[in-house]
Colleague: 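Before we start, here is the structure in question, set down as structure tokens.
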Amino acid sequence: MYVPEKVVTNDDLAQLVDTNDEWIQKRVGIKERRIAVTETTADMGYEAAKAALDNAGISPDELDLILGATVSGDDISPSLACMVQNKLGATCLAYDVNAACSAFLFLLETAAGYFARGAKNVLVVGAERMSRIVDWSDRGTCVIFGDGAGACVLSAGDNYHDSIFTVRGGDDVIKIPAAPGKSPFWQGETPEPFVRMNGQETFKYAVTAIANDVNALLERNNLTLDDIRWIVPHQANYRIIESASKRGGIPMEKFYLNIDRFGNTSSASVPIALDELNRAGKLDRGDKIILTAFGGGLANAACLLTW
Ligand code: COA
């Protein structure tokens, strides 16, 4: 993982919008987040990618593919994956998959297709500079996001057991409009290019998605929660996880949470959480874990794997 050095607290945000530390901690579970000051999205993705390669003991020329995910890329083109490829000095195929906050799981599924065709090593990277695309005057969104990147090196094997993907397409709940452009011919709407979200609808969608997906994975793989060391969820709101825990009958202790320190880093949140778990020695080879995520699309996903 890579996160910017700059820590922005809830009190810092209270200087910008009408909010306060108590509201944010109680309603979302965030104490602070990291915000980029000079790092681009590609810089953060590269740093996480480099750390993942070092950790795996794999060199860039051993990669068959780099898959990237971002909703806050520096450019529409080149993609994040192409920029990471360039910065690493790799020569392999590289492209992005757009699935907002669930994207990291979509990358794992895409990688599985390449492994089925004989790929040996795939690098997956989620990197976000959400601070660039939030409306800093909207207290309903600017308090929940943070910046950062996470990456994993995947190698051929049989540790990716099962996955669930659901898409309910539409822009009524979460929308991030693209740059409005300057066409002299355009007569339609030109929304500002910032995150727009119906918080309560997103909340409900997320709770159902996590509870249903986790339980479906357990059931169809004949597993119980005792077989699972960790459930690593997309970190969007502590209360979403609490509600999913109640709804799905999943104890809170099964979920790994770090939202208090990083906020919602979109596609980077699951790999950041995985890296923390790994480096803290809380993951052992052979542990079964479930990853679960939801977000813009709308899309949600979960997968079962052995570490
Ligand atoms: N500080 C203080 N008050 C705030 C606030 C803030 N940052 N943001 C909203 N409020 C106020 C609202 O204006 C409202 O005031 P009112 O009752 O006077 O009208 C009140 O708090 C409750 O607003 P509501 O929208 O019902 O709050 P909520 O409990 O649903 O929390 C979210 C809002 C956004 C934190 C919550 O809905 C959420 O986390 N949703 C999911 C978002 C998400 O996961 N997005 C990412 C998807 S990947």
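Remember, it's 1-based here, ligands and their atoms both numbered in the order they're listed.
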Colleague: So, do Q85 and L123 sit near enough that their side-chain heavy atoms are less than 4.5 Å apart?
Modeller: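 Heavy-atom side-chain distance check fails, nothing below 4.5 Å.
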Colleague: Please say whether more than 12 non-hydrogen atoms of neighbouring residues, nucleotides or ligands are located less than 6.0 Å from CG in D284.
Modeller: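 Yes, enclosed.
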Colleague: Specify the protein heavy atom at minimum distance from atom 8 (N) of ligand 1: its residue, its atom name, and the distance to 0.1 Å.
Modeller: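 Ranked first by proximity to atom 8 (N) of ligand 1 is W23 CH2, 3.3 Å.
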Colleague: For Y205 and F294, I'd like to know if the aromatic rings sit close, meaning centre-to-centre distance below 6.0 Å.
Modeller: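 No, the ring of Y205 stays outside the 6.0 Å limit from the ring of F294, centre to centre.
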Colleague: A quick test of your reading: do over 12 heavy atoms of other residues, nucleotides or ligands sit less than 6.0 Å from NZ of K31?
Modeller: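 No, the 6.0 Å shell around NZ holds no more than 12 heavy atoms from other groups.
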Colleague: Hey, does the side chain of W230 reach the backbone of L274 with a donor-acceptor pair shorter than 3.5 angstrom?
Modeller: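 Flag not set: sc W230 to bb L274 has no pair under 3.5 Å.
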Colleague: Tell me, which protein residue and heavy-atom name are nearest atom 48 (S) of ligand 1, and how many Å apart are they?
Modeller: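 For atom 48 (S) of ligand 1, the nearest protein heavy atom comes out as C101 SG, 3.1 Å.
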Colleague: Determine, for D74 against R132, whether the closest basic-nitrogen to carboxylate-oxygen distance falls under 4.0 angstrom.
Modeller: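 Looking at D74 and R132, the cut-off is not met.
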Colleague: Less than 4.0 Å is my threshold; does some heavy atom of A206 fall inside it relative to ligand 1?
Modeller: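 Contact absent.
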Colleague: Could you check atom 15 (O) of ligand 1 against the protein and tell me its nearest heavy-atom contact, residue, atom and distance included?
Modeller: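 Result for atom 15 (O) of ligand 1: R139 NH2, 4.1 Å.
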Colleague: As an exercise, identify every atom of ligand 1 less than 4.0 angstrom from a heavy atom of G140.
Modeller: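 Within the 4.0 Å cut-off of G140, ligand 1 contributes 8 (N), 34 (C).
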Colleague: Counting each atom of ligand 1 from 1 as listed, which ones have a heavy atom of V143 under 4.0 Å away?
Modeller: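 Near V143, meaning under 4.0 Å from one of its heavy atoms, ligand 1 has 7 (N).
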Colleague: What do we get for N264 next to ligand 1 when only non-hydrogen atoms under 4.0 Å count, side chain, backbone, both or neither?
Modeller: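 Near ligand 1, N264 shows its side chain, while the N, CA, C and O stay back.
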Colleague: Would you call R34 and E39 a salt bridge, taking side-chain N to carboxylate O under 4.0 Å as the test?
Modeller: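 Salt bridge absent between R34 and E39.
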Colleague: Which residue supplies the protein heavy atom nearest to atom 1 (N) of ligand 1, what is that atom called, and how far is it?
Modeller: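 Looking only at protein heavy atoms, the one closest to atom 1 (N) of ligand 1 is T19 OG1, 2.6 Å.
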Colleague: Any salt bridge between D287 and K282, counting N to O under 4.0 Å?
Modeller: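 K282 and D287: not salt-bridged.
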Colleague: Show the numbers, then the answer: is there a side-chain contact (heavy atoms from CB on, under 4.5 Å) between V143 and I30?
Modeller: CA-CA 8 Å; V143 304; I30 301 174; over 6 Å; no
Colleague: Show which atoms of ligand 1 fall inside a sub-4.0 Å distance from at least one heavy-atom site of V28.
Modeller: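 Taking each heavy atom of V28 in turn, ligand 1 has 35 (C) under 4.0 Å.
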Colleague: If you have a sec, work out which protein heavy atom is nearest atom 44 (O) of ligand 1 and how many Å separate them, to one decimal?
Modeller: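 It is A236 CB, 3.4 Å.
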Colleague: Do any nitrogen or oxygen atoms of R27 come within less than 3.5 Å of a nitrogen or oxygen of ligand 1?
Modeller: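 By distance alone, the answer is yes.
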Colleague: Do the ring planes of Y95 and Y114 sit parallel (below 30°), tilted (30 to 60°) or perpendicular (above 60°)?
Modeller: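 Tilted: the ring planes of Y95 and Y114 meet at 30° to 60°.
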Colleague: Enumerate the atoms of ligand 1 whose separation from the nearest heavy atom of G295 is less than 4.0 angstrom.
Modeller: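 So the atoms of ligand 1 that pass are 48 (S).
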Colleague: Between the candidates Q200, E201, R239, Q235, which shows the shortest non-hydrogen contact distance to atom 24 (P) of ligand 1?
Modeller: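 Of the listed residues, Q200 has the closest heavy atom.
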Colleague: Protein heavy-atom contact under 4.0 Å for atom 19 (O) of ligand 1?
Modeller: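 It does not: no protein heavy atom is found less than 4.0 Å away from atom 19 (O) of ligand 1.
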Colleague: May I ask you to check whether T9 and D11 show a side-chain donor-acceptor distance below 3.5 Å?
Modeller: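 No, D11 and T9 have no side-chain donor paired with an acceptor closer than 3.5 Å.
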Colleague: When you measure from the heavy atoms of I240 to every atom of ligand 1, does any distance fall below 4.0 Å?
Modeller: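 The answer is yes: ligand 1 sits under 4.0 Å from a heavy atom of I240.
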Colleague: Any non-hydrogen protein atom below 4.0 Å of atom 11 (C) of ligand 1?
Modeller: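 Yes; the ligand atom in question has protein heavy-atom contact below 4.0 Å.
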Colleague: What residue and heavy atom of the protein are closest to atom 45 (N) of ligand 1, and at what distance?
Modeller: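 Protein heavy atom at minimum distance: M197 SD, 3.1 Å.
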Colleague: Among all protein non-hydrogen atoms, which one is nearest to atom 41 (C) of ligand 1, and what is the separation to 0.1 Å?
Modeller: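 Going by distance alone, atom 41 (C) of ligand 1 is nearest to G199 O, 3.4 Å.
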Colleague: Nearest protein heavy-atom contact for atom 38 (C) of ligand 1: which residue, which atom, what distance?
Modeller: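 So the nearest neighbour among protein heavy atoms is N237 ND2, 3.5 Å.
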Colleague: Looking only at heavy atoms of I24, does any of them come nearer than 4.0 Å to an atom of ligand 1?
Modeller: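 Judged by the 4.0 Å heavy-atom criterion, I24 does not count as contacting ligand 1.
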Colleague: I'd like to know if E201 and K204 make a salt bridge, using a cut-off of under 4.0 Å between side-chain N and carboxylate O.
Modeller: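 Salt bridge present between E201 and K204.
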